A.B. asks: 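Here it is, the structure in full.
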Amino acid sequence: MDKFQELTAFIAVVETGGFSAAARRLGESQSGVSKAVGALERRLGAQLLQRSTRVVNLTDAGRTYFQRMKPLLDEVAHADSELMGSTGELSGLVRIAASATFGRLHVLPLVPKLLALHPKLKLDLQLTDGVQDLLAEGIDIAIRISPTVSPDAVVRRVATTAMVCVASRQYFALHGFPKTPEDLVHHNCLIFNGINQWVFNGPRGRRSVTVSGNLASNTVETILSAVHAGVGIGMFNSASLAGERLESDVCRVLEAFIGQTRDVCLIWPSRKFIPVRVRQVTEFFASELSGRLGPNGESDSHDAVR
């Protein structure tokens with residue numbers, strides 16, 4: 001087996017914390033990664049990893065070998081990246097993660113343009129509202145709103161988006177319109193990702209309201225569908241509503257108390273070596289998203305939400 005393949009597999013297992021995560025990063029099978037690491041250990045005549053059903057730990061020999069070889073592998077990757085970047089043509093795989101609704105509305109429409117600019121580039125676009133371990137999943141770029149990240153991550157803000165409340169006229173016909181944020185305690189509020197503290201800014205400054213309701217979900221799409229159905233009031237970031245052809249029955253409320261703003265960010269999971277293709281794809285999305293969303297995170301079609 002190729003020595004470079006063995007070393008790449010070993011480094012990936014150490015950095016991601018397991019064989020399955022390393023396989024996802026490398027685009028290989030888990031058995032293939034395991035065989036590569038096993039071949040490396042046999043060639044060196046030393047055990048580099050302690051394996052169990054749940055965790056993989058470095059042995060003393062493995063730690064020494066990793067500390068010596070990781071900088072060398074980074075140098076190889078850096079040289080490759082510089083040479084490919086000097087030709088002006090990007091190639092290789094870039095893994096991108098984004099929240100489901102934001103990704104569908106704002107990231108996916110930009111993909112054809114990016115691939116037309118760089119025909120040899122390959123993208124793996126993962127859209128999920130769940131929390132991801134970006135490093136373990138092998139993500140190169142994450143596009144998130146107000147993210148919580150590790151200290152090693154690099155975060156770049158490209159826009160801001162305001163939080164807004166929307167519901168259907170059908171719902172308000174039955175329950176009345178809230179006139180102040182405090183009125184929300186008397187309404188059925190739809191909870192996304194367990195967030196029941198809704199923050200507003202108005203004439204009297206910042207205020208937080210604890211809300212409750214009969215439906216909670218971990219996806220924006222579910223909450224938005226429930227709003228359309230007249231179930232209750234939902235709070236969304238404007239960017240996740242922009243471009244939606246919302247029914248005329250759906251309207252915004254409490255606009256005098258604009259909710260807190262959140263940052264739309266591009267994230268590199270680590271400060272370590274970043275390939276040229278990842279840097280250039282990051283620049284593409286930074287430019288395109290900033291122009292698409294504007295300073296307040298809303299596209300031209302936001303008037304569909306009345």
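Note that the structure is predicted; figures quoted are calculated from it, not measured.
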A.B. asks: Measuring from Arg63:CZ to Arg68:CZ, what's the distance to the nearest 0.5 Å?
C.D. replies: 15.5 Å
A.B. asks: Can you see which heavy atom on Gly232 is nearest to which on Ala167, and at what distance?
C.D. replies: O-CB, 3.6 Å
A.B. asks: Show the nearest heavy-atom pair for residues Ala98 and Val107, with the distance to one decimal.
C.D. replies: CB-CG2, 4.2 Å
A.B. asks: Keeping the roles fixed (side chain from Ser99, backbone from Thr128), state whether a donor-acceptor pair exists under 3.5 Å.
C.D. replies: no
A.B. asks: Taking side chain as C-beta onward, heavy atoms only, is Val111 less than 4.5 Å from Leu114?
C.D. replies: no
A.B. asks: Going by heavy atoms in the side chains, are Leu108 and Leu125 under 4.5 Å from each other?
C.D. replies: yes
A.B. asks: Is it true that a side-chain atom of His106 and a backbone atom of Ala239 form a donor plus acceptor pair closer than 3.5 Å?
C.D. replies: yes
A.B. asks: In sequence, state the C-alpha distance, the side-chain angles, and the governing distance for Arg43 and Lys3, and then conclude on side-chain contact (heavy atoms from CB on, under 4.5 Å).
C.D. replies: CA-CA 9 Å; Arg43 181 168 62 81; Lys3 292 182 179 179; 3.8 Å; yes
A.B. asks: Can you give me the closest heavy-atom contact between Pro178 and Leu254, atom names plus distance?
C.D. replies: O-CD2, 3.4 Å
A.B. asks: For Phe192 and Phe236, I'd like to know if the aromatic rings sit close, meaning centre-to-centre distance below 6.0 Å.
C.D. replies: no
A.B. asks: Can you list the steps and then say if Arg95 with Leu93 is a side-chain contact (heavy atoms from CB on, under 4.5 Å)?
C.D. replies: CA-CA 7 Å; Arg95 291 186 173 89; Leu93 176 64; 3.4 Å; yes
A.B. asks: Just by modelled atom types, is the Asn218 backbone N or O under 3.5 Å from a matching donor or acceptor in the Thr222 side chain?
C.D. replies: no
A.B. asks: Between Thr261, Thr161, Leu293, which is the residue that forms a side-chain contact (heavy atoms from CB on, under 4.5 Å) with Ser238?
C.D. replies: Thr161
A.B. asks: Quick one: are Arg169 and Cys251 in side-chain contact, heavy atoms under 4.5 Å?
C.D. replies: yes
A.B. asks: One pair to check against salt bridge (Lys or Arg N to Asp or Glu O under 4.0 Å): Glu283 and Arg156. What are the steps and the verdict?
C.D. replies: CA-CA 10 Å; Glu283 290 299 324; Arg156 177 176 178 179; 2.6 Å; yes
A.B. asks: Can you tell me how far the CG atom of Leu190 sits from the CG atom of Asn214, to the nearest 0.5 Å?
C.D. replies: 7.5 Å
A.B. asks: Could you check whether any side-chain N or O of Asn188 sits under 3.5 Å from a backbone N or O of Val231, counting only pairs where one atom can act as donor and the other as acceptor?
C.D. replies: yes
A.B. asks: So does Leu49 get a backbone contact from the side chain of Glu41, meaning a donor-acceptor N/O pair under 3.5 Å?
C.D. replies: yes
A.B. asks: Are side-chain heavy atoms of Trp198 and Thr210 found at a separation under 4.5 Å?
C.D. replies: no
A.B. asks: List the steps, then state whether side-chain hydrogen bond (donor to acceptor under 3.5 Å, both in side chains) holds for Ser20 with Gln30.
C.D. replies: CA-CA 5 Å; Ser20 60; Gln30 184 173 339; 4.7 Å; no
A.B. asks: Please check if the side chain of Arg262 supplies one atom and the backbone of Met163 the other of a donor-acceptor pair under 3.5 Å.
C.D. replies: no
A.B. asks: Nearest 0.5 Å, what's the CE-SG distance between Met235 and Cys189?
C.D. replies: 8.5 Å
A.B. asks: For the residue pair Leu127 and Ala100, what are the closest heavy atoms and their distance?
C.D. replies: CB-CA, 3.9 Å
A.B. asks: Donor-acceptor pair, Asp263 side chain versus Thr160 backbone, under 3.5 Å?
C.D. replies: no
A.B. asks: Quick one about Gln197 and Ser208 (side-chain donor to acceptor, distance below 3.5 Å, no hydrogens or angles considered), yes or no?
C.D. replies: yes
A.B. asks: So, for Pro71 and Phe66, which heavy atoms are closest and what is the spacing to 0.1 Å?
C.D. replies: CD-O, 4.2 Å
A.B. asks: Can you tell me how far apart CD (Glu6) and CD1 (Ile11) are? Round to the nearest 0.5 Å.
C.D. replies: 12.5 Å
A.B. asks: In terms of relative ring orientation, are His175 and His187 parallel, tilted or perpendicular, with 30° and 60° separating the classes?
C.D. replies: perpendicular
A.B. asks: With side chains defined as the heavy atoms from C-beta onward, is the minimum distance between Leu40 and Tyr65 less than 4.5 Å?
C.D. replies: yes
A.B. asks: Do Phe257 and Cys165 have side chains that approach each other closer than 4.5 Å (heavy atoms only, starting at C-beta)?
C.D. replies: no
A.B. asks: Where do Ser240 and Val220 come nearest, in terms of heavy atoms and distance?
C.D. replies: CB-CG1, 4.5 Å
A.B. asks: Please round to the nearest 0.5 Å and tell me the distance separating atom CG of Leu58 and atom CD of Gln67.
C.D. replies: 8.5 Å
A.B. asks: Is Val281 close to Ile96 at the side-chain level, that is, under 4.5 Å between some pair of heavy atoms?
C.D. replies: yes
A.B. asks: For the pair Thr59 (side chain) and Leu48 (backbone), establish whether a donor and an acceptor sit closer than 3.5 Å, ignoring hydrogens and angles.
C.D. replies: yes
A.B. asks: Is there a donor-acceptor pair closer than 3.5 Å between any side-chain N or O of Asp2 and the backbone N or O of Phe4?
C.D. replies: yes
A.B. asks: Taking C-beta and beyond as the side chain, do Leu26 and Val33 meet within less than 4.5 Å on heavy atoms?
C.D. replies: yes
A.B. asks: Distance alone, cut at 3.5 Å: any donor-acceptor contact between the side chains of Thr282 and Trp268?
C.D. replies: yes
A.B. asks: Walk me through whether Val185 and Val209 qualify under side-chain contact (heavy atoms from CB on, under 4.5 Å).
C.D. replies: CA-CA 8 Å; Val185 299; Val209 179; 3.9 Å; yes
A.B. asks: Out of curiosity, Ile274 CD1 to Gln280 CD, how far, rounded to the nearest 0.5 Å?
C.D. replies: 13.5 Å
A.B. asks: Passes side-chain contact (heavy atoms from CB on, under 4.5 Å), Leu289 versus Phe284? Steps please.
C.D. replies: CA-CA 8 Å; Leu289 288 174; Phe284 170 85; over 6 Å; no
